[in-house]
Protein chains: 2
Amino acid sequence: MSEHQHRAKPRKPSPARAAQEAKILAAAEEAFAHLGYNGVSLEAIAERAGLSKQNMLYYFPSKESLYHQVIRNILDLWIEKMALLEQEGDSPRDMLENYIRGKLEISRTRPNGSKVFANEIISGAPHLQEYMRNNLLPQLDSDIALVKSWIADGLMDPVDPEHLFFTIWASTQTYADFSTQIGMALGKETLDEGDFQRAGDFLVHVILKGTGLVEATP
Amino acid sequence: MSEHQHRAKPRKPSPARAAQEAKILAAAEEAFAHLGYNGVSLEAIAERAGLSKQNMLYYFPSKESLYHQVIRNILDLWIEKMALLEQEGDSPRDMLENYIRGKLEISRTRPNGSKVFANEIISGAPHLQEYMRNNLLPQLDSDIALVKSWIADGLMDPVDPEHLFFTIWASTQTYADFSTQIGMALGKETLDEGDFQRAGDFLVHVILKGTGLVEATP
DNA sequence: GTCTATACCCAGATAGAC
DNA sequence: GTCTATCTGGGTATAGAC
């Protein structure tokens with residue numbers, strides 16, 4: 001064996017290599033989002049990224065490994081934004097509003113990531129079940145505990161905290177995943193910032209008032 | 001041309017043939033739901049349906065045609081249930097509660113159909129864009145008009161009706177499409193009736209109260 | 001209507017020259 | 001690191017006997 005042993009992964013990701021990988025990952029995310037894992041060919045991804053299929057396989061030795069990296073990148077972003085509830089000092093209603101608007105912001109800025117994620121979950125999450133169990137669930141548990149403490153303190157209605165989060169996830173991600181359907185219903189090709197603004201206003205109003213975090217204003 | 005011209009479709013769907021087709025369609029729906037269009041082979045569907053791939057191609061001459069039929073069946077069910085808001089005589093709050101629980105019921109009883117539908121929308125709905133525009137949107141428009149009349153009559157808060165429906169669709173379908181994730185969060189393999197009951201109670205509470213259809217109860 | 005055999009194509013991956 | 005060439009498997013679909 002050479003003295004330059006390859007560790008787990010990182011050694012010196014040369015700037016050139018990093019740039020190529022980024023281009024490939026971006027192309028792959030978009031392609032996987034629209035066509036699903038089995039619907040895209042390496043050829044198509046490579047073309048979009050501006051290199052040959054064979055050359056791309058130099059950077060990512062298999063389709064699997066490429067997909068895996070795409071999924072991981074998205075999930076890391078997810079979990080990072082998931083901790084929105086953890087900010088000290090804010091009132092419960094501010095925290096929940098920030099959480100909702102933060103989730104919506106991800107849908108607006110990373111719709112393709114959201115779609116890849118959705119495809120993966122619908123398929124039973126074979127690639128990230130373990131990862132979710134280890135990283136996403138602990139975060140969720142602490143968020144749920146926080147909501148339970150609000151309920152115990154009489155700050156909000158005694159709703160199921162789990163279902164509160166399911167609803168927030170679903171109703172924010174839908175603006176990314178189902179944007180085609182929503183666009184059709186709104187009579188436009190793509191959703192603009194105004195649409196997301198109105199979506200946020202609606203969700204914040206209904207969820208805060210609906211959980212009793214904001215008093216009914218007659 | 002023979003005198004027995006083949007019309008658009010139906011002539012005499014013999015009972016035997018109808019039964020075979022039903023078996024095939026059921027197998028296909030399940031397979032497409034879990035693996036997506038490109039993720040399933042005809043071989044796999046045929047095996048699940050209990051016949052040979054070649055024999056299945058006798059009933060459905062191509063994969064495309066099979067998929068198309070699966071999608072159509074689901075969408076018809078969707079639109080039928082979409083008219084829940086149209087029942088005369090009920091109060092707005094009863095109508096909306098029925099609508100929410102009806103949608104949830106579809107997620108519980110036809111999760112695979114919901115998943116196929118979700119996959120299709122995420123991919124830009126290439127197979128059913130036209131169909132949705134002609135059948136789903138008119139129904140939605142009339143539902144929206146109804147909600148607007150409630151608002152005009154001062155029966156509920158002046159929220160965006162469009163986003164109300166987007167939220168109801170997303171938050172009910174998530175129990176089918178993302179059942180894997182929700183199951184993980186709830187610590188169980190599959191969702192049972194109690195889970196759907198609690199989901200319904202949560203959604204009805206939050207949405208009715210959040211839109212001002214039910215007064216805040218202190 | 002159901003079977004066997006097979007044509008045909010496309011996509012993932014590898015080999016090896018440069 | 002990038003290219004040309006190629007192997008290989010799997011998947012849709014058809015042909016034709018029974």
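Chain letters run A, B, ... following the sequence lines, proteins first and then strands; every chain starts at 1. Keep in mind that this is a model prediction, so the values were computed, not measured.
- Counting only N and O atoms by type, the side chains of B/N73 and B/Q69 include a donor and acceptor under 3.5 Å apart.
- Contact check on A/R110 versus A/E29 returns a salt bridge, with a Lys/Arg side-chain nitrogen under 4.0 Å from an Asp/Glu carboxylate oxygen.
- B/Q20 has a side-chain polar atom (N or O) that falls below the 4.0 Å cut-off from OP1 or OP2 of C/dT2.
- Across C/dT14, C/dG1, D/dG1, the shortest atom-to-atom separation from the side chain of A/Y59 is found for D/dG1.
- In this view, A/H34 satisfies the ring pair (Phe, Tyr, Trp, His ring centres under 6.0 Å) rule with no residue, not counting sequence neighbours.
- Residue B/F60 contributes atom CZ, which lies 13 Å from atom P of C/dG1 at whole-angstrom precision.
- Sequence neighbours left out, the pairs with a member in residues 183-194 of chain B that pass side-chain hydrogen bond (donor to acceptor under 3.5 Å, both in side chains) are B/K188-B/D192, B/K188-B/D195.
- With no hydrogens or angles considered, a side-chain donor-acceptor pair links A/Y131 and A/D76 at under 3.5 Å.
- For the pair B/M56 CE and D/dA13 P, the computed distance is 10 Å after rounding to whole Å.
- Atom CG of B/L57 is separated from atom P of C/dT4 by 15 Å (rounded to the nearest Å).
- Listed by first and then second residue, the salt bridge (Lys or Arg N to Asp or Glu O under 4.0 Å) pairs involving residues 41-57 of chain B are B/E30-B/R48 (not counting sequence neighbours).
- For the pair A/K63 and A/Y37, the cation-pi criterion (under 6.0 Å, within 45° of the ring axis) is fulfilled.
- Distances were taken from every side-chain heavy atom of B/K63 (C-beta onward) to each of C/dA13, D/dG1, D/dT12; the shortest belongs to D/dT12.
- Against DNA chain D, the stretch residues 35-53 of chain B makes heavy-atom approaches under 4.0 Å through B/V40, B/S41, B/L42, B/K53.
- Residue B/Q54 has its side chain nearest to D/dT14 when only D/dT14, C/dG1, C/dT14 are considered.
- By the ring pair (Phe, Tyr, Trp, His ring centres under 6.0 Å) test, A/F178 pairs with no residue at all, sequence neighbours left out.
- Atom P of nucleotide D/dA15 and atom CG of B/N55 are separated by 17 Å, given to the nearest angstrom.
- Taking atom OH on A/Y67 and atom P on C/dG12, their separation rounds to 14 Å, with Å as the unit.
- Distances were taken from every side-chain heavy atom of B/Y58 (C-beta onward) to each of D/dG1, D/dT2, C/dG1; the shortest belongs to C/dG1.
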Atom pairs, N/O to N/O, protein against nucleotides 16-18 of chain D, distance under 3.5 Å?
none

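- A cation-pi arrangement is absent between A/R101 and A/F196 under the rule of less than 6.0 angstrom and at most 45 degrees off the ring axis.
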